[in-house]
Protein chains: 2
Amino acid sequence: MADTQPRNTGAYLVYSELKRRILSLELKPGERIYEPAMAAALQVSRTPLREAIRRLISESLLEQQATGGVVVPPLDEQVISELYDVRAALESLMAREACARATPADIEELHGILERNAAMVGFAEEAMKYGVTLHAAIARIAGNSWARRFHDQISSQVERYRHFTNNSPDRREEALADHRVLVEAIASKEPDKAAKIAFDHVIAARDETLRAIAGQGLVAE
Amino acid sequence: MADTQPRNTGAYLVYSELKRRILSLELKPGERIYEPAMAAALQVSRTPLREAIRRLISESLLEQQATGGVVVPPLDEQVISELYDVRAALESLMAREACARATPADIEELHGILERNAAMVGFAEEAMKYGVTLHAAIARIAGNSWARRFHDQISSQVERYRHFTNNSPDRREEALADHRVLVEAIASKEPDKAAKIAFDHVIAARDETLRAIAGQGLVAE
DNA sequence: AAATGTGTACTTGTATACATCTATACATTG
DNA sequence: CAATGTATAGATGTATACAAGTACACATTT
């Protein structure tokens, strides 16, 4: 995620594979990683495996214990709330900056995504996909690489919690409405308004997610 | 920076030393790092050195080239502007959250820091130190570990540019005034106001820094 | 029986050896 | 002479061997 140009090295493949397993919860929260066993399972030596592990640690997708072991970080309601708050701040900033930089072509693109988003509001997976696409487009337009980078890290973290959330049709309609007014604010170059809409939009998503999790409970550690 | 508990390993020492050299510009922007030479200079093998390098890469304190080499990232006016913008978003969020969580004792602490800040407004180094202390206290009170973490990373990045900035007495007075109203907003639990003050405060610092750099120019790459 | 010591199995951390890849200089060719 | 091919020195990437540290079980002692 930090590399702009992912190189074709073994360590990178191991990193990708481990990341995939962590985000899919195939590697369970709380589970410990033993280097010799994992290296054997992935058919590489400990050297590239360690490199991948260290990188995942610095992205907080793995956790180094004080004693020396490495574990998959447990899930935590407090943390998911923090993640959404930071995401709100970042998307708010990007919406603000998109106002200053959006070209007519950019705004046309946003409207296009919005239409497809609207068409797919009946389908959970597709609607979600276009929501992500919209945010990605705004991030690109905003052109702040550090904001994007942090946003990507947050998204990875949140991914682990997505398995516990069920976005309702009502919520999707709400989100679509938010997206409409957000794009409108960007199109009419109202940075303060765009920033506030983006912020509140993410906070709403946070509260929805917290409700869903509170109902279900997180996995035992 | 990602490790909560820095362990006493050789790789960590190398990481710290390299980070210090990068932030102090002892390692010059654009300079390439050769593993064998650096390992010999630091009297360790390439293994812990590589671990340190990889970690610095994922913090963007080093840069992996597509071809395979590693260099100290060049300084860039565009980037410093982005960094301040993200910092503004994060400090704004933390100010907002501090409103919700600050206890009377916390507010007393903030006032104490403010007083010492005021007393030192005549001295560049000391005033800066209390400014940092104030922000750190707010970050602690806000209690959002991800916001803090990203904020720390941003601060490290900005550190490399600080060598080119000269904060004037006027600017210090302005900053102190901003800090006063910020603490006041937190004390009276006005999240929107606190968030806006923090945001604008950092944006002002950004513009001041950009002016200073524009006057001086960044090092050649 | 509880607490403490101790040994052993096993894990992590580091060094070194080896393989692969990159860049530069030089030769060759059009 | 420009452009391309090639050889070679040196870098990065990976595997393996070794050292140091940790945890768990079991024995010993009070």
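Within every chain, numbering begins at 1; the chains are lettered A, B, ... in the order of the sequence lines, protein sequences first and strands thereafter.
The distance from atom CD of B:Gln65 to atom C1' of D:dG13 is 17 Å, rounded to the nearest whole Å. Computed from coordinates, the A:Tyr12 OH to D:dT12 C1' distance equals 19 Å when rounded to whole Å. Following rounding to the nearest Å, A:Gln43 (CD) and D:dT14 (P) show an atom-to-atom distance of 15 Å. Rounded to whole angstrom, the span from the CG atom of B:Leu49 across to the C1' atom of C:dT16 amounts to 15 Å.
Between A:His151 and A:His135, the ring planes lie tilted relative to each other; the angle falls in the 30° to 60° range.
For the 3.5 Å distance criterion, the side chains of B:Tyr161 and B:Thr209 fail to qualify, holding no donor opposite an acceptor.
Judged purely by atom type and a 3.5 angstrom limit, A:Arg116 uses its side chain to pair as donor or acceptor with the backbone of A:Gly112.
Environment of CD in B:Glu108: sparse, with no more than 12 heavy atoms of neighbouring residues, nucleotides or ligands closer than 6.0 Å.
Using a 4.0 Å cut-off between a side-chain N of Lys or Arg and a carboxylate O of Asp or Glu, A:Arg55 and A:Glu59 qualify as a salt bridge. The pair B:Arg21-B:Glu17 meets the salt-bridge criterion, with a side-chain N (NZ, NE, NH1 or NH2) lying under 4.0 Å from an Asp/Glu carboxylate O.
For D:dA15, one of the phosphate oxygens OP1 or OP2 lies less than 4.0 angstrom from a side-chain nitrogen or oxygen of A:Ser45. Distances shown here put every side-chain N or O of B:Thr47 at or beyond 4.0 Å from the OP1 or OP2 atom of C:dT16.
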Contact state string [nucleotides 7-13 of chain C, B base, S sugar-phosphate only, - no protein heavy atom under 4.0 Å]: ----SBB

